[in-house]
Asks: 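The structure follows.
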Amino acid sequence: MRRTKWFAAATVAAFVGAAGVAQAGDTFDSVMERGTVRCGVNTGLAGFSIADDQGNWTGLDVDYCRAVAAAVVGDSDKVEFVPLSAQQRFTALQSGEVDVLSRNTTWTLTRDVSLGIHFAGINFYDGQGFMVPADLGVDSAKQLDGAEVCVQTGTTTELNLADYFRAQNMSFKPVVFEGFEESLSAFFAGRCQVYTTDKSGLAAIKSVDAPNPDDYKILPETISKEPLGPSVRRGDDAWFAIAKWVLIALVQAEESGITSDNIDDMKANSDNPMVKRVLGASGDMGEKLGLDPEWAYRAIKQMGNYGEMYDRNVGMESPLGLDRGLNAQWTDGGLMYAPPIR
């Protein structure tokens, strides 16, 4: 009996000790030694991750990586962007080539449990759709029986496409490509009548890549759920926690009214307990993550809250012109909901 009580007490003590303060993991140590966060991104998708002629990266996924760098290293510019194709992305994360994968990637059961990765959350709720030439005379996906459809292989898009046509008792001819650019070129060259991907991607293609946007039409149907978000390798819980809570902090900042412009005033003068915890003015949430108290302050100060990031990259202020929809805060009828930072 004495041994049982001793073992139980020791177990509780070990648990309390482990739960008190997070210990830096291997990824964190590598990032700090290197001084940069290596972030895997799309090779080029307007609004999410795209580089200009000078190699400057912008986009919603890019901004998340910059926020992680601000929180961990202290500077949102301390990011090495690694452009990855759909086929390359998971191998690059698994092998340690990148620390974070932030590349319009759908969170699915198979990916979550079979690829050695953890999804840190959802930064964009999307769904798959179809785009066609306006002169095709098609107004609905249900009119696409027998169509040739350009699709990128190695994606949930390819699987959803087959599921949709099967469910509708329609046939189609897939025109499959490994690369994003190749699939686009084929569609614009008329090698297929239909292009399919996430609707955010279709909006980007139509507004940025199409020779003449008015020549193309996005059909109204949304045929899938595509919760997109960043991921990290399994086996490093400390880094997983950091990646997860940086995203949560950006969402919470918008809910709490904290912006990159008013953040200093709110830190100094707000009496809201949540605001004070997020900005490191009371309590030490950073210590629990193995970071300093101002981790979230830096991320928000340098990159803005989630709403600011959304608006400038994919929102109504951007070329994509996407309304918030499901990506609005839960208080506005959307799905963006931050677990409590406390």
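Numbering of residues begins at 1 and proceeds along the displayed sequence.
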Asks: Could you pull out all donor-acceptor pairs under 3.5 Å where a side-chain atom in residues 128-139 meets a protein atom, sequence neighbours excluded?
Replies:
from	atom 1	to	atom 2	distance (Å)
Gln128	OE1	Asn160	ND2	3.0
Gln128	NE2	Thr157	O	3.2
Gln128	NE2	Thr196	OG1	2.8
Asp139	OD1	Lys217	NZ	2.8

Asks: Glu181 and Thr43: side-chain donor and acceptor closer than 3.5 Å?
Replies: yes
Asks: For the side chain of Trp245 and the backbone of Met285, is there at least one donor-acceptor N/O pair under 3.5 Å apart?
Replies: no
Asks: Return yes if some donor-acceptor pair links the side-chain N/O of Asp198 with the main-chain N/O of Gly201 below 3.5 Å, else return no.
Replies: no
Asks: Hey, do the aromatic rings of Phe172 and Tyr164 have their centres closer than 6.0 Å?
Replies: no
Asks: Are Asp26 and Arg233 ion-paired here, with the side-chain N under 4.0 Å from a carboxylate O?
Replies: no
Asks: Please confirm whether the backbone N or O of Gly40 pairs with a side-chain atom of Arg103, one donor and one acceptor, at under 3.5 Å?
Replies: no
Asks: Please determine, by modelled atom types, if Asp61 and Ser49 share a side-chain donor-acceptor pair under 3.5 angstrom.
Replies: no
Asks: Decide, yes or no, whether a salt bridge links Asp63 with Arg312 under the criterion of side-chain N to carboxylate O below 4.0 Å.
Replies: yes
Asks: Apply the test salt bridge (Lys or Arg N to Asp or Glu O under 4.0 Å) to residues Asp237 and Lys244: give CA-CA distance (whole Å), side-chain angles for both, the deciding distance (0.1 Å), then the verdict.
Replies: CA-CA 10 Å; Asp237 288 346; Lys244 175 169 54 180; over 6 Å; no
Asks: Using a 4.5 Å cut-off on heavy atoms from C-beta on, say whether the side chain of Leu60 contacts that of Asn123.
Replies: yes
Asks: Does Glu254 pair with Arg324 as a salt bridge, N-O distance under 4.0 Å?
Replies: yes
Asks: Flag yes if more than 12 heavy atoms outside Glu182 fall under 6.0 Å of its CD atom; otherwise flag no.
Replies: yes
Asks: Does Lys267 come within less than 4.0 Å of Asp264, counting only side-chain N to carboxylate O?
Replies: no
Asks: Does atom CZ of Arg191 have more than 12 heavy-atom neighbours, drawn from other residues, nucleotides or ligands, at distances under 6.0 Å?
Replies: no
Asks: Has the side chain of Asn313 got a donor or acceptor atom that lies under 3.5 Å from a matching backbone atom of Met309?
Replies: yes
Asks: Quick test of your reading: applying salt bridge (Lys or Arg N to Asp or Glu O under 4.0 Å), list the pairs with at least one residue in residues 140-149, sequence neighbours left out, ordered by first then second residue.
Replies: Glu148-Lys173
Asks: Please tell me if the side chains of Pro83 and Trp57 come closer than 4.5 Å, counting only heavy atoms from C-beta onward.
Replies: yes
Asks: Using 4.0 Å as the upper bound for N to carboxylate O, is an ion pair formed by Asp77 and Arg66?
Replies: yes
Asks: Hey, are Arg34 and Asp29 close enough for a salt bridge, meaning a charged N less than 4.0 Å from a carboxylate O?
Replies: no
Asks: Any side-chain heavy atom of Thr105 sitting closer than 4.5 Å to one from Arg111?
Replies: yes
Asks: Using distance alone, with no hydrogens and no angle criterion, decide if Thr259 and Asn305 have a side-chain donor and acceptor under 3.5 Å apart.
Replies: no
Asks: Does a donor on one side chain and an acceptor on the other come within less than 3.5 Å for Thr153 and Glu178?
Replies: no
Asks: How about Phe187 and Tyr216: are their ring centres within less than 6.0 Å of each other?
Replies: yes
Asks: Which word best sums up how the rings of His118 and Phe240 line up, parallel for under 30°, tilted for 30 to 60°, or perpendicular for over 60°?
Replies: parallel
Asks: May I ask you to check whether Glu226 and Trp107 show a side-chain donor-acceptor distance below 3.5 Å?
Replies: no
Asks: Is it true that Lys276 and Asp271 have a side-chain N and a carboxylate O under 4.0 angstrom from each other?
Replies: no
